Trainee: 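Mind looking over this structure? Questions follow.
Every value quoted in this text rests on a predicted model; they were computed, and no experiment measured them. All residue numbers in this chain count up from 1 along the given sequence.
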Amino acid sequence: SASYGMETAIRSSSYFLMIAPRFLHRHRRTLLGAVLALWCAGLAIGAQALWRYSSTPGPAGPAPERWPANAPFQPRPGRATLVMLAHPHCPCTRASLAELAQLLARGEADAWVLFIRPEGAEPGWERTSSWETAQEIPGVQTMADADGTVAQLFGAETSGHVLFYDATGVLRFSGGITASRGQQGP
């Protein structure tokens with residue numbers, strides 16, 4: 001009985017090896033078309049997933065409607081103030097800082113960029129080229145945010161999150177300022 005099963009398997013594989021080349025030769029255009037269609041479908045699905053990721057904002061907690069009195073820095077009286085959370089090692093931070101520089105070019109607001117330093121990271125971990133870029137923008141103050149405590153106070157959870165408070169301390173905007181993740185410009 002076991003030898004019968006083995007003989008059947010050998011005959012089946014021998015038959016397949018005899019038929020497969022003829023089948024492939026006769027249907028090569030159909031098979032090529034099917035493989036090409038599957039490849040194109042895979043590309044389309046992958047492109048859609050990338051687009052969805054890049055255009056979906058990161059998470060954000062509830063932002064205080066008024067400037068928090070317990071914030072470690074206070075806005076200058078009569079000046080609008082912008083707060084941005086930045087991850088110093090995220091490549092998207094460069095795009096956020098470029099957009100911030102354009103927003104602040106008119107000098108109508110002060111800004112604080114909070115560079116997150118995760119728990120356990122050595123002091124100075126946040127001082128990257130992004131930190132230097134932020135310091136070069138007129139009107140910007142940089143701050144190392146150990147463990148993200150200040151960012152939590154403002155409800156910011158994602159690098160690039162911006163909060164804009166008017167001169168009276170009322171929240172007017174909370175969100176991202178880039179067109180999509182890591183992309184500057186329109």
Trainee: With rounding to the nearest 0.5 angstrom, report the CG to CE distance, Leu104 to Met84.
Mentor: 8.5 Å
Trainee: Please name all residues satisfying side chain to side chain donor-acceptor pair (under 3.5 Å) with Gln74, sequence neighbours left out, ordered by chain then number.
Mentor: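 Only Trp67 meet the side chain to side chain donor-acceptor pair (under 3.5 Å) criterion with Gln74.
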Trainee: Is the shortest side-chain heavy-atom distance between Phe154 and Trp112 below 4.5 Å?
Mentor: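 They are not in contact (no side-chain heavy atoms under 4.5 Å apart), so the answer is no.
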Trainee: Please answer whether the main-chain N or O of Val150 pairs with a side-chain N or O of Asp145 as donor and acceptor at a distance below 3.5 Å.
Mentor: yes
Trainee: Under 6.0 Å between ring centres, would you say that holds for His87 and Trp125?
Mentor: yes
Trainee: With a 4.5 Å cut-off on side-chain heavy-atom distances among I, L, V, M, F, W and Y, is there a chain of contacts connecting Leu97 to Phe173?
Mentor: yes
Trainee: Please report the closest heavy-atom contact between Thr128 and Pro88, naming both atoms and the distance.
Mentor: OG1-O, 3.0 Å
Trainee: Could you state the interatomic distance from OG1 (Thr142) to CD (Gln135), rounded to the nearest 0.5 Å?
Mentor: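 Going from the OG1 atom of Thr142 to the CD atom of Gln135 covers 4.0 Å.
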Trainee: Does any part of the side chain of Phe73, heavy atoms only, come nearer than 4.5 Å to the side chain of Gln141, both counted from C-beta?
Mentor: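 A side-chain contact is absent here, since even the closest heavy-atom pair is not under 4.5 Å.
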Trainee: If every non-hydrogen atom of Glu119 is compared with every non-hydrogen atom of Asp147, which pair is closest and at what distance?
Mentor: CA-OD1, 2.9 Å
Trainee: Which atom names give the shortest non-hydrogen contact between Leu100 and Val140, and what distance separates them?
Mentor: CD2-CG2, 4.2 Å
Trainee: Roughly how far, to the nearest 0.5 Å, is the NE2 atom of His89 from the OG atom of Ser159?
Mentor: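 That separation rounds to 11.5 Å.
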Trainee: For Phe164 and Ala109, which heavy atoms make the closest approach, and how far apart are they?
Mentor: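 Looking at all heavy atoms of both residues, the shortest contact is CE1-CB, 4.0 Å.
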Trainee: To the nearest 0.5 Å, tell me how far Leu82 CG sits from Leu163 CG.
Mentor: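 Rounded to the nearest 0.5 Å, the CG-CG separation comes out at 8.0 Å.
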Trainee: Do the side chains of Val162 and Val170 join up, straight or via other hydrophobic residues, at under 4.5 Å, putting them in one cluster?
Mentor: no
Trainee: Output yes when a side-chain donor or acceptor of Ser130 lies under 3.5 Å from a complementary backbone atom of Thr93, and no otherwise.
Mentor: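 No, because the side chain of Ser130 does not come within donor-acceptor range (under 3.5 Å) of the backbone of Thr93.
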Trainee: Restricting to non-hydrogen atoms, name the atom on Ser174 and the atom on His161 that form the minimum distance, rounded to 0.1 Å.
Mentor: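 Nearest heavy atoms, Ser174 then His161: OG-NE2, 2.8 Å.
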Trainee: How close do Ile116 and Gly148 get, heavy atom to heavy atom, and via which atoms?
Mentor: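 Distance-wise, the nearest heavy atoms are CD1-CA, 3.0 Å.
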Trainee: Let me confirm one number: the CD-CG distance from Glu126 to Leu114, rounded to the nearest 0.5 Å.
Mentor: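 Answer for the CD-CG pair, Glu126 versus Leu114, is 11.5 Å.
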Trainee: Calculate, to the nearest 0.5 Å, the distance between atoms CZ and CG belonging to Arg66 and Asp166 respectively.
Mentor: 8.0 Å
